[in-house]
Amino acid sequence: MTAGDTPPVAGPVEDLGGGLLSIDTLTGGMTRVTAGYLLDAPRPALVEVGPALSVGSVIAALRARGMGPDDLAYVVLSHVHLDHAGGAGDVAAAFPRATVVVSEVGARHLVDPERLNASSRRVYGPLMDTVYGACTPIAADRVLGVADGDVLDLGGGRRLDLLYTPGHAKHHIAAFEADLGALFVGDSVGVLMPGMTAIRPATPPPDFDLELAFATIDRYAALDPAAVYLAHYGAVPSPQPSLAEASDRLRLWAETAEAALAEHDELDHVAETLAVRFADEVTPDPSDPDRGRRVELLTAARSNAAGLVRYFQRRQAPGPG
Ligand SMILES: [Zn+2]
């Protein structure tokens, strides 16, 4: 911090019951964009941290709860996109006993984030400097790369089961707390923020995969959780209808993109078609000017179009051999 900087505002905390709290990461200076979730236990776990530029708000919220530097055991990241994991290096520095848990497929990006930061800068452009910020490296012995079926023992009988759930990204994981029936799904179900009338799939480049995304949602439905916790944003109780809706909306977005691609093999055309087709998913509200901004920031039609176009092109391309 340089002279003149004010200390970060603690993100609003919501008690969700059963020792589970949400911490608003205040991503992009807005509420209800990216949630962190804190599971209270002898070895507490924080699921998602949000971008580096706003992570001071998460650290301040943990401190305000009386958590000292030794009191956080795990930082669980659904995947390494910067709106979820960008602040992980800063949280690891503030809580030096915490282990950072991430898919074994994505772990190396946190130890050496140079490529992650460079590709993020290409994707986010100027937002890299205003909303996200760069991920700082984390010592390899503090990063735990996990696979499907791995378990985190939080103590006191509380555990987190980790599931490998690719689709949104090939390194995506979910975490399940069976006693609460709480399933933390990152971006793999989609995005539902204030003023949105439907769950919007999150299908970004570079490695969105439609079949895997459907399989992941089906797997969640089979787990029959009591609630699904979206990173963007919040709890979805009794989520079976929402999981079915997430699949339906994903199919609709994919079909719309594929049809547009058949008309004109151009990203601009696909993005414009999706933007027009799904414009009514956000109800404007003059008292909440952030409604449109949240969606544009996280799941713009253009980003979804780019991921879907890339997926369809990859599928058409002749495989090796
Ligand atoms: Zn993501």
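Each ligand, and each atom within it, is numbered from 1 in the order the structure gives. Treat the numbers as computed from the prediction; the structure is a model and nothing was measured.
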Query raised in the report: Under 2.8 Å from the Zn ion (ligand 1), which protein atoms of type N, O or S occur, listed by chain and number?
Result: H79 NE2, H81 ND1, H168 NE2, D187 OD2
Query raised in the report: Is any side-chain heavy atom of L82 closer than 4.5 Å to a side-chain heavy atom of C135?
Result: yes
Query - Residues H79 and H109: side-chain donor-acceptor under 3.5 angstrom - result: no
Requested in this report: Mark yes or no: R251 above the aromatic ring of F214, with NZ or CZ under 6.0 Å from the six-membered ring centre and no more than 45 degrees from the axis.
Outcome: yes
Report task. Decide whether a cation-pi geometry holds between R63 and F95; the criteria are a distance under 6.0 Å from NZ or CZ to the six-membered ring centre and an angle within 45° of the ring axis. Result -> yes
Requested in this report: Please say whether more than 12 non-hydrogen atoms of neighbouring residues, nucleotides or ligands are located less than 6.0 Å from CZ in R159.
Outcome: no
Report summary line: In short, D187 meets A202 closest at the heavy-atom pair O-CB, 4.1 Å
